[in-house]
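Chain A is the first sequence line, chain B the second, and so forth, proteins listed ahead of strands; every chain is numbered from 1.
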2 protein chains.
Amino acid sequence: MFSRACEYGIRATILIATHSIVGERVSLKDIARKTDSPLAFTGKVLQQLVKGGIVTSVQGVNGGFEIGRKQMEETRLSQIVAAIDGEQIFRACGLGLQECNAKKPCPLHDKFASIRNDLKTMLEGTSILDLSTGLKDGLTFLQR
Amino acid sequence: MFSRACEYGIRATILIATHSIVGERVSLKDIARKTDSPLAFTGKVLQQLVKGGIVTSVQGVNGGFEIGRKQMEETRLSQIVAAIDGEQIFRACGLGLQECNAKKPCPLHDKFASIRNDLKTMLEGTSILDLSTGLKDGLTFLQR
DNA sequence: CCAAAACAGGATAATTTTGTCCTGTTTAAA
DNA sequence: TTTAAACAGGACAAAATTATCCTGTTTTGG
Ligand code: FES
Ligand code: FES
């Protein structure tokens, strides 16, 4: 569904948010360990998220990654996915035709577009904060 | 969503069915042309579908690919996807955790599993014949 | 100032996916 | 019987994705 890079990015962002909620920064080293992701590669993904304005990085001793309260309330999962995998997942034809077009639909168009739209709606309706609260309360997990 | 290989396989299968409906076989060459897919690679994908019992191949002059009436009625899109991409798409965790488990869910589990299940239901409820009739009648397309 | 923590980013490598090429076998028609 | 159409399958190549390594810069505390 999502690329590995995107999965790492989402997991990292959720972890960062749970720390930011309690006023802490979290280092790449900790992110990689707590989300069971490859460190250097996750670092690259985080660079994309910083450029995309999803999270903030702070260099130097006691640096790390953080995300503001407002940001975690307003940023949608769809934005993380778009920042890493692009918009294609929201627009592409299920059978790989060069464009999805209701005027010249592929045989799966109606059924596929419906589900693709549900996915889009779900991702647009889910904030980082939504995903972080369950983790903070120990109800959800980022490993196993 | 689906791999390229899977997209080619689905398009090929639908095309084969529309020809089988009118009692014709279709060659790999024609499949590649009419579905705008790379010939040799599509050939590999078709080998998988033959092994998977989705379509039948006939060698020699006047050979090609075909699919029986009963097969096209009974075979579900989910089976093509499973034959090429595997069952992972129906089971995998949206955030890439090693397994999706409601007892130890990732933060996205509830929302993701719901959509993944809708996708599964859709693919299981769609037969090759369903997809082929619109194409035969010129209402749907396999290119552009 | 200096050392260490921590991110940035370029280069490179490994793996997977996608795609091509070539040779062999089967089969029907001429 | 010969020929050509057509699939099967192994070997190889290209491209994309995933992953690692190394060097540089920033920053803070001692
Ligand atoms: S044209 Fe294929 S999903 Fe819309
Ligand atoms: S645990 Fe992640 S989708 Fe079920």
Whichever of A/Gly63 and B/Ala40 has its nearest DNA chain C nucleotide further upstream toward 5'
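This one resolves to A/Gly63.
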5'-most contact on DNA chain C: A/Gly43 or A/Val61, nearest heavy atom basis?
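The 5'-side residue here is A/Val61.
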[X] side chain, from C-beta outward: closest of [options]:
X: B/Pro38; options: C/dT20, D/dT20, C/dA6; answer: C/dT20
X: B/Gln59; options: C/dA8, C/dT20, C/dT25; answer: C/dT25
X: B/Tyr8; options: C/dG19, C/dC7, D/dA19; answer: C/dG19
X: B/Lys44; options: C/dT20, C/dA28, D/dA8; answer: C/dT20
X: A/Gln47; options: C/dA28, C/dA8, D/dC7; answer: C/dA8
X: B/Asn62; options: D/dT28, C/dT18, C/dA28; answer: C/dA28
X: A/Lys51; options: C/dG9, C/dC21, C/dT18; answer: C/dG9
X: B/Leu28; options: C/dA6, D/dC7, C/dT18; answer: D/dC7

Length of the line joining [X]:[atom1] and [N]:[atom2], which is rounded to integer Å:
X: B/Asp30; N: D/dC7; atom1: CG; atom2: C1'; value: 14 Å
X: B/Gln48; N: D/dA8; atom1: CD; atom2: C1'; value: 13 Å
X: A/Leu46; N: D/dT20; atom1: CG; atom2: P; value: 15 Å
X: A/Lys29; N: C/dC7; atom1: NZ; atom2: P; value: 10 Å
X: B/Gln88; N: C/dT16; atom1: CD; atom2: C1'; value: 15 Å
X: B/Phe41; N: C/dT17; atom1: CZ; atom2: P; value: 10 Å
X: A/Arg25; N: D/dT27; atom1: CZ; atom2: C1'; value: 10 Å
X: B/Asp36; N: C/dT18; atom1: CG; atom2: P; value: 16 Å

Hey, does the side chain of B/Ser27 come within less than 4.0 Å of D/dC7's phosphate (OP1/OP2), counting only N and O?
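So the side-chain polar atoms of B/Ser27 never come under 4.0 Å of the phosphate oxygens OP1 or OP2 of D/dC7.
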When you measure from the side-chain N and O atoms of B/Arg4 to the phosphate of C/dT17, is any distance below 4.0 Å, counting only OP1 and OP2?
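Negative; the distance criterion is not met.
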Taking the side chain from A/Asp118 and the backbone from A/Ile115, do they hold a donor-acceptor pair closer than 3.5 Å?
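No.
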A/Phe65 pairs by side-chain contact (heavy atoms from CB on, under 4.5 Å) with which of A/Leu49, A/Thr56, A/Leu28?
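Filter result, single survivor: A/Leu28.
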So for atom NZ, which belongs to B/Lys34, do other residues, nucleotides or ligands contribute more than 12 heavy atoms lying within a distance under 6.0 Å?
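Check passes, neighbour count above 12.
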Do other residues, nucleotides or ligands put more than 12 heavy atoms under 6.0 Å from the NZ atom of B/Lys29?
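It does not: B/Lys29 NZ has 12 such atoms or fewer within range.
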Identify the two heavy atoms, one from A/Arg11 and one from B/Leu97, that lie closest to each other, and give their separation to 0.1 Å.
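Residues A/Arg11 and B/Leu97, closest heavy atoms: CD-CD2, 3.8 Å.
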Name the residue closer to the 5' end of DNA chain D, choosing between A/Gly60 and A/Thr42 according to the nucleotide with the nearest heavy atom.
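Closest to the 5' end, via its nearest nucleotide, is A/Thr42.
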Run the salt bridge (Lys or Arg N to Asp or Glu O under 4.0 Å) test on B/Arg76 and B/Glu124 for me, step by step, so that the C-alpha distance in whole Å, both residues' side-chain angles and the decisive distance to 0.1 Å come before the verdict.
CA-CA 6 Å; B/Arg76 302 296 150 152; B/Glu124 286 175 347; over 6 Å; no
